[in-house]
Amino acid sequence: MADTVTPGRDIKQLKNLLLVLEHARADAWLRRDRRALEALLSPDFVEINSLGRFDKTGLLDRLFPSLTLHGFTIGEPVLRITGPDSAIISYRCHEAFTVNGSRTEGDFNVTATYTRHKNRYRLAVWEIQPVN
């Protein structure tokens with residue numbers, strides 16, 4: 001997948017790229033494809049959710065085996081460029097999942113921070129919180 005943006009970075013192109021990467025992240029969870037998910041994450045990745053804080057290893061080794069994603073939709077995305085090689089995309093989502101036998105469904109706010117290394121964006125921080 002071509003996931004590069006020229007140094008001047010067209011804002012619309014970058015927003016579309018990060019949305020594609022967020023859909024790929026959700027798709028990896030839906031298909032239970034650990035390798036696809038791992039390929040999207042930066043080496044220093046961190047996820048913060050209602051179950052806790054997970055580094056890359058914790059997410060892949062502990063959370064991924066115990067969580068089944070049933071559905072995930074993205075709406076109202078907003079892009080914020082935070083540096084020459086970083087950007088944040090935030091959005092609302094509707095998510096349905098089962099973790100350790102307990103099903104949850106609801107609306108959430110997501111903040112996803114991406115960093116670019118060698119012209120490839122990877123997910124550095126992913127945080128999800130329930131909509132109040």
request  = Assess whether side chain to side chain contact (heavy atoms under 4.5 Å, CB included) is satisfied between Leu79 and Ile88, documenting all intermediate values.
outcome  = CA-CA 6 Å; Leu79 176 71; Ile88 296 171; over 6 Å; no
request  = Would you sort out whether Leu63 and Asn49 count as a side chain to side chain contact (heavy atoms under 4.5 Å, CB included), showing the intermediate values?
outcome  = CA-CA 11 Å; Leu63 186 59; Asn49 61 41; 3.6 Å; yes
message = side chain to side chain contact (heavy atoms under 4.5 Å, CB included) for Leu18 and Lys15? Distances and angles first, verdict last.
response = CA-CA 5 Å; Leu18 297 187; Lys15 183 177 181 180; over 6 Å; no
task = Could you check Val78 against Tyr91 for side chain to side chain contact (heavy atoms under 4.5 Å, CB included), going step by step and ending with a plain yes or no?
result = CA-CA 6 Å; Val78 175; Tyr91 56 89; over 6 Å; no
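His117 NE2 to Asp85 CG: the interatomic distance, rounded to the nearest 0.5 Å, is 10.0 Å. Interatomic distance, Ile128 CD1 to Phe108 CZ, rounded to the nearest 0.5 Å: 5.5 Å. Atom CD1 in Ile89 sits 8.0 Å away from atom CG in Leu14 (nearest 0.5 Å). Taken to the nearest 0.5 Å, the CG atom of Leu40 stands 10.0 Å off from the CD atom of Glu38. Separation of atoms CG (Leu21) and OH (Tyr121) is listed at 10.0 Å; rounding is to 0.5 Å.
With a 4.5 Å cut-off between side-chain heavy atoms of Ile, Leu, Val, Met, Phe, Trp and Tyr, the cluster of Val46 takes in Ile48.
Residues passing the side-chain contact (heavy atoms from CB on, under 4.5 Å) test with Val99 are Leu51, Ser66, Leu67, Phe97, sequence neighbours excluded. Scanning for ring-ring contact (aromatic ring centres under 6.0 Å, His included) contacts around Trp126 gives an empty result, with sequence neighbours left out. In this view, Phe64 and Trp29 satisfy the ring-ring contact (aromatic ring centres under 6.0 Å, His included) rule, not counting sequence neighbours. With sequence neighbours left out, the side-chain hydrogen bond (donor to acceptor under 3.5 Å, both in side chains) criterion links Ser42 to Asp44. A search for side-chain contact (heavy atoms from CB on, under 4.5 Å) contacts involving Thr98 returns His70, Arg103, not counting sequence neighbours. For Gln129, the side-chain hydrogen bond (donor to acceptor under 3.5 Å, both in side chains) test picks out Glu127, with sequence neighbours left out. The side-chain hydrogen bond (donor to acceptor under 3.5 Å, both in side chains) check on Asp107 picks up His94, with sequence neighbours excluded.
Pairs of residues two or more places apart, or lying in two chains, that qualify as salt bridge (charged side-chain N to carboxylate O under 4.0 Å, His left out) and include a residue from residues 19-34 are Glu22-Arg25, Asp27-Arg31, Arg31-Asp33, Arg34-Asp61. Under the salt bridge (charged side-chain N to carboxylate O under 4.0 Å, His left out) criterion, no residue pair touches residues 70-81, with sequence neighbours excluded.
Side-chain atoms of Arg92 do not come within 3.5 Å of backbone N or O of Thr73 as any donor-acceptor pair.
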For residues 52-59, dump all side-chain donor-acceptor pairs below 3.5 Å to protein atoms at least two apart in sequence or in another chain.
unit_1	atom_1	unit_2	atom_2	d
Asp55	OD1	Thr57	N	3.3
Asp55	OD1	Gly58	N	2.7
Lys56	NZ	Leu41	O	3.4

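Tyr114 places none of its side-chain heavy atoms less than 4.5 Å from the side chain of Ser86. Leu37 is listed as a side-chain neighbour of Leu60, based on a closest heavy-atom distance under 4.5 Å.
Shortest non-hydrogen contact noted between Ala87 and Thr82 is N-OG1, 3.6 Å.
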